[in-house]
**Q** 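One structure, as structure tokens, below. Some questions next.
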Protein chains: 2
Amino acid sequence: MKTKKNLYIYSMELDDAKQKFIQAWGTLGSNWGINRTMAQVHALLLISSDPLCADDIMEMLKISRGNANMNIRALIDWGLVFKELKAGERREYFVGEKDMWNVVRQIIKHRKKKELEPVLKVLSEVSDVDGNSQDKEDFLNVVEEIQRFASKADRTLDKLINSDANWLVSTFMKMM
Amino acid sequence: MKTKKNLYIYSMELDDAKQKFIQAWGTLGSNWGINRTMAQVHALLLISSDPLCADDIMEMLKISRGNANMNIRALIDWGLVFKELKAGERREYFVGEKDMWNVVRQIIKHRKKKELEPVLKVLSEVSDVDGNSQDKEDFLNVVEEIQRFASKADRTLDKLINSDANWLVSTFMKMM
DNA sequence: TTATACTTTCAAAAGTTTTTGAAAACTAAA
DNA sequence: TTTAGTTTTCAAAAACTTTTGAAAGTATAA
């Protein structure tokens, strides 16, 4: 604990801001189908200049060892967190991907594979339906409109994933 | 039940395709934080040329009255489903928004308000933190990078919401 | 007014996801 | 080897979300 009064006050406020940020990131994550704790671990590592070990994360977020381990593992899987070994230290340390553009890119990549691609597959399967009633034509029209939309999104996301930050910014500019 | 064999077979296949579509839409929805049943009701109405009443929906999706009612209500809230009254009929019928572009627009509008805007608010609150340590500067750098990203996304989504389908298509074209 | 046809509500039940923590597995050094 | 520090696993518990269905509410018509 800091002892000088002004340092103490400052420290509380920065910690409060960090806490608030971590909580907000957790809420955002869970709205987007990402486990709340996973998002919080990510937030904590984003704003930590130094690598943290599992015990640091457990203590700072007040979560169990199993929970910490599972979510760190998932973040490494998603390419949002990296292991960092310290010379002469046995325990593993972790750092977060700090470049927001890479963060967004990894998330898009993951969710596209998990969600958009299966939908495209189902759409093309159901387009294969037999018969020739009006009812079938109506159904196919709906499916085809969604297909047009979804393929466009799919191609656009591929471009995004394979592009760099400057490309994104210049595209944003063009859009406005 | 249809009695001619070919009609019967055709009917089964179209129904299978519709079922598959409804299930896929439900899965997509639940991956995106939208209740599975809500997405299924939406899918059912999307591919129904005629308006359906609560009992039709209950029967077709095999769900309870309460569940049907709640999810129809939520879809109306989101602007994805509309009430339609039939002359001389007491019960309410429902139709789905068929224009995919409007569907996507409504969803973006809803989620932007619910998710992006609160995050922007928190980001600007935490930027206000006191003190002047290196630690604070590092924290502010991360927050500010996210803010730049998030505001850009916010403005782009506003443009999207207020634009028409042709604008979207021409933007997609420019992007590629 | 009363009956009827419907819609809405909500508490309890069912289902799903997340978290815990203790035990097992691993790994490096003694 | 054996020990000690560490990570991983996983079954059970807790937390959270969704669904049910019966009861209450509402509106129309007889």
Side-chain angles (χ1 to χ4, degrees), chain A residues 22-23 25-45 51-78 81-95 110-111 114-115, chain B residues 22-23 25-45 51-78 81-95 110-111 114-115:
Chain A
I22 290 170
Q23 295 311 318
W25 210 241
T27 304
L28 181 70
S30 74
N31 278 325
W32 283 88
I34 291 159
N35 176 320
R36 158 184 252 78
T37 306
M38 178 170 162
Q40 289 179 341
V41 173
H42 177 236
L44 175 60
L45 289 171
L52 302 180
C53 67
D55 290 83
D56 295 335
I57 294 169
M58 287 164 60
E59 191 186 328
M60 285 165 155
L61 299 180
K62 308 261 185 288
I63 59 176
S64 70
R65 184 170 300 285
N67 197 8
N69 182 70
M70 276 178 72
N71 286 296
I72 292 167
R73 233 39 54 192
L75 285 163
I76 290 174
D77 244 38
W78 281 49
V81 161
F82 310 99
K83 264 187 204 178
E84 194 167 291
L85 298 177
K86 292 196 177 178
E89 274 241 48
R90 201 139 140 201
R91 76 179 60 191
E92 296 175 321
Y93 284 79
F94 306 97
V95 291
H110 240 265
R111 306 209 68 188
K114 193 177 152 227
E115 289 146 33
Chain B
I22 291 169
Q23 295 312 317
W25 211 240
T27 304
L28 181 69
S30 73
N31 277 325
W32 283 88
I34 291 159
N35 175 319
R36 158 184 252 77
T37 306
M38 178 172 164
Q40 289 179 340
V41 172
H42 177 237
L44 176 59
L45 289 171
L52 302 179
C53 68
D55 290 84
D56 294 336
I57 294 169
M58 287 163 62
E59 191 185 328
M60 286 167 154
L61 299 180
K62 309 261 185 289
I63 58 175
S64 71
R65 185 170 301 285
N67 197 8
N69 182 71
M70 278 179 69
N71 285 295
I72 292 166
R73 234 40 54 191
L75 284 163
I76 290 174
D77 245 38
W78 280 50
V81 160
F82 310 99
K83 265 189 204 179
E84 194 167 291
L85 298 176
K86 291 195 178 180
E89 276 239 48
R90 200 138 140 203
R91 77 178 60 191
E92 296 175 322
Y93 284 79
F94 306 97
V95 292
H110 239 267
R111 306 208 69 189
K114 195 178 151 226
E115 289 147 32

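By convention in this document, chain letters (A, B, ...) are assigned in the order of the sequence lines, proteins followed by strands, and residues within each chain are numbered from 1. Predicted model only: the values in this text are computed from it and were never measured.
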**Q** Just list the side-chain donor-acceptor pairs under 3.5 Å for residues 36-45 of chain A, sequence neighbours left out, or say none.
**A**
residue : atom : partner : partner atom : Å
A/R36   : NH1  : A/S30   : OG           : 3.0
A/Q40   : NE2  : A/Q23   : OE1          : 3.1
A/H42   : ND1  : A/W25   : NE1          : 3.0

**Q** Quick one: does B/R111's side chain have a donor or acceptor within less than 3.5 Å of a partner on A/N31's backbone?
**A** yes

**Q** Checking the side chain of B/N71 only, and the main-chain atoms of B/N67 only, is there a donor and an acceptor separated by less than 3.5 Å?
**A** yes

**Q** Mind checking what makes salt bridge (charged side-chain N to carboxylate O under 4.0 Å, His left out) contact with A/K83, not counting sequence neighbours?
**A** A/E92

**Q** To the nearest 0.5 angstrom, please state how far the CG atom of B/L28 sits from the CH2 atom of B/W32.
**A** 8.0 Å

**Q** Please give me every residue in residues 61-75 of chain B whose heavy atoms get under 4.0 Å of an atom in DNA chain C, ordered by residue number.
**A** B/R65, B/G66, B/N69, B/R73

**Q** Please report, rounded to the nearest Å, how far the P atom of D/dA4 is from the CZ atom of A/R91.
**A** 17 Å

**Q** Does the side chain of B/Y93 come within less than 4.5 Å of B/L85's, by heavy atoms?
**A** no

**Q** For residues 52-60 of chain B, which side-chain N or O atoms pair as donor and acceptor with protein atoms under 3.5 Å away, sequence neighbours left out?
**A**
residue : atom : partner : partner atom : Å
B/D55   : OD2  : B/R65   : NH2          : 3.0
B/D56   : OD2  : B/C53   : N            : 3.0

**Q** Any side-chain heavy atom of A/F82 sitting closer than 4.5 Å to one from A/I76?
**A** no

**Q** Nucleotides 25-29 of chain D: which of its N/O atoms have a protein N/O under 3.5 Å away?
**A**
residue : atom : partner : partner atom : Å
D/dA27  : N3   : B/R90   : NH2          : 3.1

**Q** Considering residues at least two apart in sequence or located in another chain, which fulfil the side-chain hydrogen bond (donor to acceptor under 3.5 Å, both in side chains) criterion with B/R73?
**A** B/N69

**Q** As an exercise, state the distance from CG of B/D77 to NE2 of B/H110, rounded to the nearest 0.5 Å.
**A** 6.0 Å

**Q** B/E84: which residues meet the salt bridge (charged side-chain N to carboxylate O under 4.0 Å, His left out) condition with it, sequence neighbours left out?
**A** none

**Q** Could you check which residues of residues 25-45 of chain A get a heavy atom under 4.0 Å from DNA chain C? Sort them by number, please.
**A** A/N35, A/T37

**Q** Can you give the first and last nucleotides of DNA chain C, 5' to 3', that have an atom under 4.0 Å from a heavy atom of chain A?
**A** C/dT18 to C/dA28

**Q** Check whether any side-chain heavy atom of A/W78 lies under 4.5 Å from a side-chain heavy atom of A/I34, and answer yes or no.
**A** yes

